[in-house]
Each structure stands twice: as structure tokens, then as C-alpha cells.
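Note: hydrogens, waters and symmetry copies are ignored here, and every other heavy atom, side chains too, is used. If you're wondering where the values come from, they're calculated on a predicted model, not measured in any experiment. Atoms within each ligand, like the ligands themselves, are counted from 1 in listed order.
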Amino acid sequence: MTAIVSTAESRIGQRKAHHLEVCIDPDSGIETGESAFNQLHFLHRSLPEAHVDQIDSSTNFLGYNLSLPLFISCMTGGTANAREANRLLAESAEKCAIPVGLGSIRILFREEEVFDQFYIRKYAPSVPIFANIGGQQLSEIDNNQIVEMLKRLEVDAIAVHLNPGQELFQEFGDTDFTNIYDSIKKFVEQSPIPVIVKETGFGIAPDEALKLAESGVSLIDTAGSGGTNWIQVEANRQSGILSESAKAFDSWGYSTALLLVLYKEIQNDSQGFNYLASGGLRTGVDLAKSIALGAELGGMALPFIRSVSSGGVEETLELFETIKHSFKSVMLLTASKNIEALKNARLVYSEQLLQQIRAYRSALEI
Ligand SMILES: Cc1cc2nc3c(=O)[nH]c(=O)nc-3n(C[C@H](O)[C@H](O)[C@H](O)COP(=O)(O)O)c2cc1C
């Protein structure tokens, strides 16, 4: 897939095409911060008392049977390249039996002709599909129109993204972040499908996650730091003040593993909410740690867009099999025969992580 930006594309389309170009480039330096998964260790078992064939990594999610608790995070749509990327991501998801997310559908309310790029049900008939929209758009677009669009797309859930960091570093970014919580609350009441709220790489604080869950949001997706940093993606496309100022934001946000520990503690206090893990997950081991920390599923974005871009479905299936092999190996090596058992596998935290947990609990008063 070559990254060509068509002059006929709208500003949103051009921006999306440019984002893809930057993300696919392995030298763009957009992965920053610490996911902190390396500060967690499983207890290894030398006597797991299981045959590898007994290890069952399948799980149920939104009524679908998944082969692995993994999903392809929301990414793209709205450009010529995105059409191909979405098709390849959807075909891969179908073959792997895992959910797949669409990029923001905002453009569909301005350019109806790109609907086809987002209609991926034809490539992925038997896996969950998540639509995607910005929290800011919920107050701009008539919610009835959004609901209609969700029906036409035949999706199973909608992920609402929060991205104040990114907008601040985007030329012509939308910098009004007022009333987003109320818009989400209103939309949840009307949505016929589960609403997921996600960040885009800086994480959702536990107190904000709780507040969102209380408003009826079905799932919180951490989308924490340690993976794709959207301030740096925008900085790659700018020069001058925005790009210079972005240099100080390499380690901004909440590490994904730290958030998962904090979410799990809240869950243990029985105030719980359901959550997904994403942001810097790169291996089956990261995924297994996320599940042991209470996430229903773990998501990856950058690794999948890079694999479909460089080697299509074939390379993506290889990536998936690698993740699956590591994940199932962790299951065996922790004597976890199924996902329920893995949820109870114990993790040891590094001293540094323990200190951070204490500091954040006190600062967030949780
Ligand atoms: C090419 C690309 C496009 C993305 N577009 C969107 C988007 O439209 N909406 C959204 O919510 N997140 C978007 N994201 C963010 C991802 O869903 C994810 O939250 C973030 O990249 C962190 O995951 P990662 O570290 O696995 O990449 C995009 C990510 C990539 C790499």
C-alpha cells in the first residue's frame, strides 16, 4: 500500500492520509513513553500440570466467540489508502476471529461518498466491529443521524474517542473541550449498541473512568501511553511552534499498565466497571498481563496498520500467530488452562511501579 495523498481529498481526508503515512514510517519516532508492562512479572510455574493442547485462549465478547482476547484498535477511513487498509484489517480480523475497529466516522456526515470505505461488514461477517467518533462530535452532529449511521454500518459497538492532547497539537485542531461528558451521557441514553470510551494514547484517569461508567458507558478503553503518541504524530506533520513544543510531551500521560493496576483495585473495591486495555501493547505477554489485570480484551493499533501496509493479510496473520503463541505460552507457564484462570494469575510489581501506584492513588485520591 503506497501512501499517496490525493489533492481531491478534503482537509479531513488529507489529514487522515498524512497520519497514515507518518504512522507507517518505522523511523517517525512516534512511539514514546512507557507502557510499564515490563514492570510486571508473572509467577512462573515449572509444574503447570497441563498439556499445551488443553490451553483454551478463546473468550466470549458481545455474544461472539473470539479466538483470543485481542482486538484491532480503531484507526482509519476517509482516504483512498484507508479503503484498502480497512479491507485488509477487516479480512485479517475475520480470519483471526477477533474484533476490529473503524477510524472516526465524522467524515461520513460531510462526505457520504466515502461510506463504502467504512462498510467493512462484507469483509468481516462474523466478528465484532466497533465504529468510532470523537467526543467533541457528539454535540455537533445530530445523535439521531449517528444512530442511523451505526445501523447502516452494521456495527456492534461504538468507541467514542477523547483526544485533547492531539487536538492541541493539530493545525486547525478543535480546541473546545467543554460539555463532552454531558454529550457522552446524552448519547449513551440513545445508543442502541454498547458505548466504549477510549483515549488515544494518554490514558483515562481512574476517577474519570468511574464517572464515565456511572453515566452508562459500557466499557472504558485505557488507550494509555507507551505506544503511539498522537502529539508526536501531529508534530511530525508540523514545523515551528507546534512541533517544537511537542518535544516536551514524550512521556505525557498514564502508562497503560499503571492504569490497569489502578482500575483493578477499584474493581476489587466493588465499585467496578468493565474495561479494555490498549496503548503500547506489543506482545502476547503484554496482552496476558492486561487480562490478568482485569481487562476484557487488549487492543493494538500501530502493529496492525504496519503489518497490513507492508505485507497485507498474510503478514498480519503471522503477527497474530506470534501474539497468540506468546499468549498461550504465558497461559501454560502460569498454569492457566483458560481465560478465567488467567484472570487469577498473580503478578509481581517492581518497586518503581509500586511507588508510582502509591503516588497516583494519593494524587487522585482513590
Ligand atoms: C494510523 C492510526 C490511526 C488512528 N486513528 C484513530 C481514530 O480515528 N480514532 C481513534 O479513536 N483512535 C485512533 N487511533 C489511536 C488508536 O486507536 C490507539 O488508541 C493508539 O494508537 C494507541 O494504541 P497503539 O499504541 O497500539 O498504537 C489511531 C492509531 C493509528 C496508529
Side-chain angles (χ1 to χ4, degrees), residues 1 3 12-13 15-26 28 30-37 70-79 81-82 84-86 88-89 99-108 114 117-118 130-138 157-167 170 195-204 219-234 236-237 252-257 259 275-283 286-287 290 295 297-310 319 323:
M1 193 170 68
I12 300 180
R15 193 170 65 230
K16 293 280 168 192
H18 208 171
H19 284 157
L20 263 187
E21 232 176 298
V22 171
C23 288
I24 288 164
D25 176 1
S28 56
I30 55 167
E31 284 181 280
T32 69
E34 287 281 326
S35 64
F37 282 111
L70 174 68
F71 68 98
I72 301 177
S73 292
C74 290
M75 282 188 275
T76 198
T79 71
N81 286 344
E84 180 68 350
N86 273 347
L88 295 170
L89 290 168
V100 58
L102 290 165
S104 172
I105 60 170
R106 174 193 198 180
I107 195 169
L108 285 179
V114 296
Q117 294 178 18
F118 287 86
F130 308 154
N132 183 275
I133 198 156
Q136 288 161 306
Q137 275 79 63
L138 293 180
I158 177 163
V160 175
H161 68 254
L162 308 175
N163 65 342
Q166 180 188 6
E167 296 289 346
Q170 189 178 103
V195 176
I196 301 166
V197 175
K198 74 187 282 288
E199 237 283 347
T200 48
F202 302 112
I204 300 180
L219 286 155
I220 305 296
D221 178 353
T222 55
S225 80
T228 311
N229 177 330
W230 278 85
I231 292 180
Q232 304 311 330
V233 175
E234 292 298 345
N236 254 270
R237 309 171 51 239
W252 189 259
Y254 298 95
S255 300
T256 298
L259 279 184
Y275 50 95
L276 308 174
S278 76
L281 271 72
R282 293 294 177 263
T283 67
D286 294 344
L287 179 63
S290 302
L297 310 178
M300 300 187 195
L302 200 64
F304 282 115
I305 197 69
R306 288 189 171 163
S307 68
V308 292
S309 306
S310 70
L319 169 66
I323 295 166

Which option, [options], owns the non-hydrogen atom nearest [atom]?
atom: atom 22 (C) of ligand 1; options: Gly279, Ala85, Gly227, Gly298; answer: Gly279
atom: atom 18 (C) of ligand 1; options: Ala301, Gly203, Ser225; answer: Ala301
atom: atom 8 (O) of ligand 1; options: Ser104, Ser278, Gly224; answer: Ser104
atom: atom 11 (O) of ligand 1; options: Lys198, His19, Glu21, Gln166; answer: Lys198
atom: atom 31 (C) of ligand 1; options: Glu199, Met75, Arg106; answer: Met75

For [atom], what's the nearest protein heavy-atom neighbour? Residue, atom name and distance, please.
atom: atom 20 (C) of ligand 1; value: Thr200 O, 4.0 Å
atom: atom 16 (C) of ligand 1; value: Cys74 O, 3.5 Å
atom: atom 28 (C) of ligand 1; value: Trp230 CZ2, 3.3 Å
atom: atom 27 (O) of ligand 1; value: Thr228 OG1, 2.5 Å

- Message: So is Glu31 touching ligand 1 or not, going by heavy atoms under 4.0 Å?
- Response: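 Contact check Glu31 vs ligand 1: negative.
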*Is there a heavy atom in Asn132 that sits closer than 4.0 Å to ligand 1?*
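The answer is yes: ligand 1 sits under 4.0 Å from a heavy atom of Asn132.
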(request) Output the list of atoms in ligand 1 that are nearer than 4.0 Å to some heavy atom of Cys23, sorted by atom number. (result)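 So the atoms of ligand 1 that pass are 1 (C), 31 (C).
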- Just which atoms of ligand 1 are under 4.0 Å from any heavy atom in Gly103?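 Listed by number with element: 8 (O).
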Quick one: does any side-chain atom of Asn132 pair with a main-chain N or O of Met75 as donor and acceptor, under 3.5 Å?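 No; judged by distance alone, with no hydrogens or angles, the pair does not exist.
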Just by distance, do the side chain of Gln117 and the backbone of Gly78 share a donor-acceptor pair under 3.5 Å?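 Pair found, side chain donor or acceptor close to backbone of Gly78.
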CE on Met300 to OG1 on Thr228, rounded to 0.5 Å: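 Those atoms lie 12.0 Å apart.
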Using distance alone, determine whether Ile305 and ligand 1 share an N or O pair under 3.5 Å.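 Between Ile305 and ligand 1 (N or O atoms, distance only) the closest approach is not under 3.5 Å.
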